[in-house]
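All ligand and atom numbering here is 1-based and tracks the order in the structure. Computed over heavy atoms, backbone and side chain alike; hydrogens, waters and symmetry mates excluded.
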Amino acid sequence: MVPQTLVITGTDSGVGKTVLTALLARHLRDSGTLVRAAKPLCSGGREDAEALHSALDGALSLDQINPWYFRAPLAPLLAARRERRHVRQVEVLAHLREMRADCQVLLVEGAGGLLSPLGEDFDLRHLIIGLRAVPIVVAPNRLGVLNQVLLVRAALPEAARRRLQVVLMSERQPDFSSHSNPALLTELIDVEHVHHLPWLRKLSSPTDWRIDPTVRRALQRLFKCCVSCNRSPTACG
Ligand SMILES: Nc1ncnc2c1ncn2[C@@H]1O[C@H](COP(=O)(O)OP(=O)(O)O)[C@@H](O)[C@H]1O
Ligand SMILES: [Mg+2]
């Protein structure tokens with residue numbers, strides 16, 4: 001398999017990026033794929049990196065998964081500046097390329113949303129382009145999600161936009177729009193690019209991430225679409 005890089009972003013913080021990244025990591029690892037995962041920049045805690053560490057059964061160190069971390073719960077650029085540190089695109093890309101060199105799939109979780117400032121000269125779009133990655137946007141399936149997804153899509157550079165995959169994340173309590181959002185989004189984007197994950201009632205800690213068959217099928221389909229978009233981006237939307 002040609003090495004794949006998938007970059008996971010979201011319409012906001014707290015929408016399920018870490019949940020999806022960890023589930024994908026666990027699923028791919030379970031199916032015999034050599035997968036690595038990174039959350040290159042963390043601010044305000046390293047829980048996301050710890051979740052990925054646990055999803056990969058400790059196959060990578062926390063510092064490999066997350067080389068840059070800052071104390072303040074702010075956008076990474078600001079949190080770094082408070083510690084008089086300055087992170088540049090070139091060093092983050094070098095780390096991610098090195099991680100990718102000896103695996104089949106590299107998963108990269110962003111911080112915040114697509115345009116959140118990550119370092120002195122970059123946001124997640126630069127990493128997506130620099131890694132020729134498939135962008136995945138996680139979005140909570142509730143009222144407002146269509147606008148949020150379309151805004152993220154519009155903000156992506158064109159080459160990446162054609163590869164975009166959307167994961168609608170179910171909420172504990174669906175609202176009136178939750179039922180109709182997937183069909184309309186499919187109409188607005190493309191059926192091959194819209195995915196859906198259920199609310200996972202048992203998700204209390206990363207060690208509980210046993211994947212049930214419905215979720216496994218959704219992850220399989222998502223990964224398949226990512227690979228086929230990467231192979232032939234012109235065929236994607
Ligand atoms: N599909 C889901 N099922 C159950 N809990 C979820 C689901 N998606 C997100 N959550 C919960 O929502 C919270 C935020 O998710 P997280 O993945 O940390 O978001 P992000 O990485 O986008 O900030 C976490 O407590 C997580 O367990
Ligand atoms: Mg996260």
Would you check if the side chain of Ser31 reaches a backbone N or O of His27 as a donor-acceptor pair within less than 3.5 Å? yes

Candidates Thr18, Thr21, Thr9; heavy atom nearest atom 18 (O) of ligand 1 found on Thr18

State whether the shortest distance between N or O atoms of Lys17 and N or O atoms of ligand 1 falls below 3.5 angstrom. yes

Atom CZ of residue position Arg85 - does it have more than 12 heavy atoms of other residues, nucleotides or ligands inside 6.0 Å? yes

Is the Mg ion (ligand 2) less than 2.8 Å from at least one N/O/S atom of Thr18? yes

Checking the N or O distance criterion of under 3.5 Å, is ligand 1 in contact with Ser13? no

Nearest heavy-atom contact between Ala55 and Arg29 is O-CD, 4.2 Å

Which of the N/O/S atoms in Asp48 sits closest to the Mg ion (ligand 2)? OD2

Is it true that Pro198 lies under 4.0 Å from ligand 1, counting heavy atoms only? yes

Between Arg163 (side chain only) and Val134 (backbone N and O only), is there a donor and an acceptor less than 3.5 Å apart? no

Does any N or O atom in Leu197 lie less than 3.5 angstrom from one in ligand 1, N or O only? no

Does any N/O atom on Trp199 come nearer than 3.5 Å to any N/O atom on ligand 1? no

Nearest heavy-atom contact between Ala25 and Val35 is O-CG1, 3.6 Å

Expected output: side-chain Thr5 to main-chain Leu106 donor-acceptor under 3.5 Å: no

Option of least heavy-atom distance to atom 17 (O) of ligand 1 (set: Val15, Val19, Ile8, Leu200): Val19

Once you restrict to heavy atoms under 4.0 Å, what part of Met169 touches ligand 1? Side chain, backbone, both or neither. side chain

Check ion pair Arg162-Asp190 (N to O, under 4.0 angstrom): no

Residue part near ligand 1, for Glu109, under 4.0 Å between non-hydrogen atoms: side chain

Could you check whether any side-chain N or O of Lys17 sits under 3.5 Å from a backbone N or O of Asp12, counting only pairs where one atom can act as donor and the other as acceptor? yes

Please name the atom of Glu109, restricted to N, O or S, that is closest to the Mg ion (ligand 2). OE2

Mind checking whether Gly14 has a heavy atom under 4.0 Å from ligand 1? yes

If you count the non-hydrogen atoms of other residues, nucleotides and ligands that lie under 6.0 Å from CZ in Arg132, is the total more than 12? no

